[in-house]
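To keep things clear, I will list the structure first and then write my remarks on it.
The analysis underlying the following values was restricted to heavy atoms, covering all of them including side chains, and did not include hydrogens, waters or symmetry mates. Atoms within each ligand, like the ligands themselves, are counted from 1 in listed order.
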Amino acid sequence: MASTFEILAGRLARAFDRLAPGADPVLRPSERADYQANGALALAKTLGRSAREVAAEIADDVDLDGVASVEVAGPGFLNLTLEPAFLAERLAALLVDDRLGLELAPARTVVIDYSAPNVAKEMHVGNLRSTVIGDSLARLERLVGNRVVARNHVGDWGTPFGMLIEHLLDLGEDRAIAELSIGDLNGFYQGARAAFDADEGFRERSRARVVALQGGDDETRRLWRILVDLSVAYFSEIYAKLDVTLTREDVVGESSYNDALDGVVRDLDALGLLMESDGAQCVFPAGFTNRDGEPLPLIVRKRDEGFGYAATDLAAVRDRVERLGADELLYVVGAPQTQHLAMVAAVARRAGWLPDSVRFEHVAFGNVLGPDRKMLKTRSGESVKLVALLDEAIERADAALVERAIDLEVDARRELAAQVARAAVKYADLSTERQRDYVFDLDRMLAFEGDTGPYLQYAHARLRSILRRAGAVDLATATFALEESAARDLAIGLLGWPDAVATTLAGAAPHRLCAYLLDLAQRLTAFYDACPVLRAEGPVRLERLALCDLAARTLRLGLGGLGIEAPERM
Ligand code: ARG
């Protein structure tokens with residue numbers, strides 16, 4: 001069914017249109033009424049009339065019979081209040097709808113490039129943001145019925161592999177495998193780096209090894225495989241610990257595009273887009289200049305004949321559009337790569353590989369900071385291991401559960417602690433507008449109160465506890481009189497769910513869903529204060545239980561879209 005918001009916006013839009021074709025109301029949920037539209041102000045300006053007059057004309061004309069009453073307010077706002085019968089009917093429909101009013105979109109294919117850690121390098125907090133944001137978007141796209149193809153574009157190619165393979169040989173295969181199997185990727189990488197910096201002979205061997213790798217030498221490829229496979233196995237463990245939906249099939253690393261790179265260069269050349277600059281093969285897409293106003297190159301093939309990162313990304317665009325049939329390409333990649341991705345998109349559009357009908361969006365994000373508001377680092381200045389942060393979050397969540405004297409067996413409590421820890425870490429990340437930086441502060445993230453993941457989990461568990469204690473009731477027979485304003489406010493909040501998902505996906509902005517769920521939890525608190533549930537009787541009790549059920553399911557579905565579990569008890 002169309003959402004309440006869509007119904008209101010649609011009817012208003014028709015009235016605006018009759019007054020001035022193409023004029024649009026701007027509708028939003030409001031504290032004053034249920035919804036407020038302020039489009040009359042802009043329209044009055046174009047028409048050269050008074051805003052209140054225009055608003056009054058629309059209020060007269062708009063067809064909201066049986067849906068809402070409308071009133072002109074302030075300088076020319078339209079305040080809309082839903083009719084009780086309409087509200088009751090909507091809620092009754094939600095009671096028997098697993099998706100709580102969320103419509104299935106005509107399926108589009110959405111390719112989401114996310115996580116993308118580098119082989120033989122520890123996953124760090126920077127990978128965290130890409131992983132958590134990307135996975136939330138993947139879950140939400142699936143929830144609205146889209147086909148999601150996840151692409152874990154792992155860094156598994158390039159010059160560092162010469163040094164990494166030589167280091168593997170120096171350590172001896174067995175020892176190297178042992179080191180990598182226990183997840184000591186940093187140790188391995190630093191060992192390679194140290195040898196490279198200290199020893200000219202090692203550097204020579206490394207360079208020769210890169211050539212052998214690129215030339216397809218069998219033994220070199222075998223050694224390279226060992227590094228890739230062990231790293232991917234390690235990443236998989238972290239994904240499991242984070243409860244992230246990425247699988248091994250989603251790992252399509254940079255090396256997967258090797259065979260397509262020649263074609264990229266050849267086709268760009270045939271299109272006349274390729275130019276030589278400083279010995280490198282480049283494209284100069286329109287609109288990109290440096291500070292001095294000179295055109296900026298996207299380097300496709302380097303002077304040494306090696307392919308650049310850009311060539312791989314271009315090959316990936318072609319694969320995703322041509323072979324996978326993508327309607328949308330999302331890149332959940334840090335903000336520093338904004339220009340790179342914009343240039344890749346511009347070149348791909350120019351070359352005809354990225355039709356205008358395909359959306360290309362860089363879902364950029366900011367940094368994770370330490371308490372000093374600088375990039376989060378360990379005391380010795382290294383990047384912090386993601387797995388260490390997670391483990392610490394789990395220990396602290398467990399301690400908090402012990403302190404709350406939660407009545408659970410040890411294994412169940414440990415599992416709950418892991419769920420709470422994941423909720424804390426993911427929610428703190430997702431609830432920050434993604435372009436902004438945030439401070440990694442476990443104490444704040446793990447709090448059971450405030451704007452946190454555990455708070456929302458708790459709001460859900462509390463509802464579940466009420467519903468359990470109520471025993472078996474046939475909620476489908478509930479009717480909604482909504483006498484108390486707190487009950488009505490909660491109902492209005494529940495109707496906002498489909499729009500919260502829609503605005504979240506439109507902006508690839510999970511913080512909007514977080515804000516929606518937090519607002520719902522706050523409406524619940526006011527509802528409990530004004531409307532006792534289990535102590536009520538008859539139809540009122542049933543109505544309140546039904547509101548609890550709808551709220552619990554909305555929280556569960558919403559948290560699920562963020563990749564956060566909703567435990568039954570907390
Ligand atoms: N591996 C890269 C890094 O660690 C991120 C890759 C992003 N994805 C892409 N298609 N370029 O910075």
Side-chain angles (χ1 to χ4, degrees), residues 110-135 137-138 148-161 164 185-186 189 193 224 227-228 231-232 234-236 238-239 244 246 250-258 260-261 264 285 298-300 306-324 326 328-349 353-354 358-368 375-376 382-386 434-435 508:
V110 184
V111 178
I112 312 184
D113 185 315
Y114 71 101
S115 194
N118 296 318
V119 162
K121 270 202 194 160
E122 192 60 54
M123 275 186 89
H124 53 82
V125 289
N127 301 124
L128 173 73
R129 295 215 69 185
S130 176
T131 306
V132 168
I133 296 168
D135 206 50
L137 295 176
V148 171
V149 183
R151 277 294 178 263
N152 192 352
H153 196 82
V154 299
D156 62 357
W157 202 249
T159 37
F161 283 90
L164 291 167
L185 272 55
N186 271 351
Y189 194 92
R193 188 82 245 178
W224 168 78
L227 294 174
V228 174
S231 301
V232 169
Y234 176 68
F235 300 149
S236 301
I238 297 186
Y239 296 145
V244 156
L246 279 172
D250 303 329
V251 175
V252 181
E254 293 174 9
S255 67
S256 323
Y257 302 98
N258 283 350
L261 300 179
V264 166
L298 185 71
I299 301 172
V300 193
F307 294 99
Y309 194 54
T312 308
D313 272 324
L314 285 169
V317 168
R318 294 183 86 173
D319 184 59
R320 292 166 191 187
V321 173
E322 286 162 23
R323 197 173 58 83
L324 299 175
E328 299 187 24
L329 301 177
L330 304 185
Y331 290 81
V332 191
V333 178
Q337 293 193 44
T338 300
Q339 188 174 61
H340 164 75
L341 286 170
M343 291 176 84
V344 166
V347 171
R349 294 237 187 256
W353 301 334
L354 183 63
V358 177
R359 170 184 177 204
F360 182 107
E361 185 157 340
H362 177 201
V363 182
F365 52 83
N367 297 315
V368 182
M375 297 278 275
L376 186 64
E382 288 167 39
S383 68
V384 179
K385 272 182 153 193
L386 180 51
R434 61 177 160 71
Q435 287 89 345

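- Contact between Asn118 and Phe235 at its shortest, heavy atoms only, is O-CZ, 3.4 Å.
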Could you pull out all donor-acceptor pairs under 3.5 Å where a side-chain atom in residues 329-341 meets a protein atom, sequence neighbours excluded?
from, atom 1, to, atom 2, distance (Å)
Gln337, OE1, Tyr309, OH, 3.4
Thr338, OG1, Ala335, O, 2.5
His340, NE2, Asp313, OD2, 2.8

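- Looking at residues two or more places apart in sequence or on another chain, you find a side-chain contact (heavy atoms from CB on, under 4.5 Å) between Ala316 and His153, Tyr257, Arg320.
- With sequence neighbours left out, the side-chain contact (heavy atoms from CB on, under 4.5 Å) criterion links Ala138 to Ile112, Tyr114, Arg142, Val148.
- Put simply, the side chain of Asn367 never gets that close to the backbone of Met375: no donor and acceptor are under 3.5 Å apart.
- Contact residues of ligand 1 (protein heavy atom closer than 4.0 angstrom to a ligand atom; sorted by chain and number): Asp113, Ala116, Asn118, His153, Tyr309, Asp313, Tyr331, Val333, Gln337.
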Open item on the list: For Tyr239 and Asn152: C-alpha separation, side-chain torsions, deciding distance, then whether side chain to side chain donor-acceptor pair (under 3.5 Å) applies.
Closed with: CA-CA 12 Å; Tyr239 296 145; Asn152 192 352; 3.0 Å; yes
